[in-house]
There are 2 protein chains.
Amino acid sequence: MRPLFHPAIEDVQPEAILHALSDPRRAAIFARITKAGCVEACSAVSSVGDQVIPKSSLSSHFKVLREAGLIRCERHGVEMRNHSRCAEVEARFPGLLSAIMNAYAARLS
Amino acid sequence: MRPLFHPAIEDVQPEAILHALSDPRRAAIFARITKAGCVEACSAVSSVGDQVIPKSSLSSHFKVLREAGLIRCERHGVEMRNHSRCAEVEARFPGLLSAIMNAYAARLS
DNA sequence: TCCATAGTTCCGAAATCCCGAACTATGGGA
DNA sequence: TCCCATAGTTCGGGATTTCGGAACTATGGA
């Protein structure tokens, strides 16, 4: 299996990050990966809140996060390990990710 | 003409803001309004960079920004005045807008 | 070799975006 | 008052994107 594409940090674009995180489910997935540092599998986040996400949709959400430069994915055996690239992104766009994640956390709903 | 809908600041959702600003043209429009405090008309921003935006598209971009809670629009005679709501949004989601606008400004391309 | 698990790809339906054309609203003449 | 010009919205339908079930691929273990 060919290695997955990951953009270099200098190629990461703000619009891609905003688009990726403008979906609350993707934002929740990213928050979980970031909090855990590394979530072992896509299937480890097979639901967000009480909402079950079909695995084809989940796969494309991970792809969007990966191509936006937010996570790094590598296969370990039969499963995928997803790492947050928040430190890199923070260096390139200071304050962006924390402000976004705080905004979601601050939401009442 | 009935007054335009504006969400109360407590109803403003992070995903709506991220979606609105994930389009570079909308982000540029919002930046211009914010910088100016108040841009007199939609037609005053009829192009972004060297790219001309048709007025039907422009109208819908303003609608997205307005419904996301980012701007306030009121008719003055034949034209519209658009005000940035950045102070309100800043109070609700601290650091969010400045981080986003800085991210766009930091982009090389 | 066969099977189970973990993800990806495919594809059709649904939703969204885009923009030209037609329409509406307002104010300024004549 | 009537007509026109300007400013912006709405409509319609074609293009693009998103969603998710079903089929497929990749890996490791029995």
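Protein chains get the first letters and strands the later ones, always in sequence-line order, with residue 1 at the start of each. These numbers come from a predicted model, not from an experiment.
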At 4.0 Å (heavy atoms only), tell me whether A:His19 reaches a base, stays on the sugar-phosphate, or touches nothing. sugar-phosphate
Interatomic distance, B:Lys55 NZ vs C:dA21 P [rounded to whole Å]: 12 Å
Specify the separation, in whole Å, of atom CG of B:Asn82 and atom C1' of D:dG8. 11 Å
Starting at CD of A:Glu74 and ending at C1' of D:dT27, how long is that distance when rounded to a whole Å? 16 Å
With no hydrogens and no angle check, just 3.5 Å: does a side-chain donor-acceptor pair link B:Arg26 and B:His61? yes
On DNA chain D, check which nucleotide each of A:Gly77 and A:Ser57 is closest to and give me the residue with the more 5' one. A:Ser57
Send over the distance from A:His61 NE2 to C:dT9 P, rounded to a whole Å. 16 Å
Interatomic distance where CG belongs to B:Leu4 and C1' belongs to D:dT9 [whole Å]: 10 Å
Name the residue closer to the 5' end of DNA chain C, choosing between A:Ser59 and A:Val78 according to the nucleotide with the nearest heavy atom. A:Val78
Could you tell me how far apart A:Lys63 (NZ) and C:dA6 (P) are, to the nearest whole angstrom? 22 Å
Determine whether B:His76 and B:Arg81 satisfy the following criterion, side chain to side chain donor-acceptor pair (under 3.5 Å), listing intermediate values before the conclusion. CA-CA 7 Å; B:His76 268 245; B:Arg81 289 195 191 158; 3.2 Å; yes
Rounded distance in Å - CZ (A:Arg26) to P (D:dC19): 7 Å
5' priority, DNA chain C, between A:Ser56 and A:Glu79 [closest heavy atom]: A:Glu79
Rounding to a whole Å, what distance do you find between A:Leu58:CG and D:dC19:C1'? 13 Å
If you group Ile, Leu, Val, Met, Phe, Trp and Tyr by side-chain heavy-atom gaps below 4.5 Å, do B:Val45 and B:Ile53 land in one group? yes
Are any non-hydrogen side-chain atoms of A:Leu21 and A:Leu70 less than 4.5 angstrom apart? yes
Touch check for A:Arg25, heavy atoms < 4.0 angstrom, all strands: base, sugar-phosphate only, or nothing? sugar-phosphate
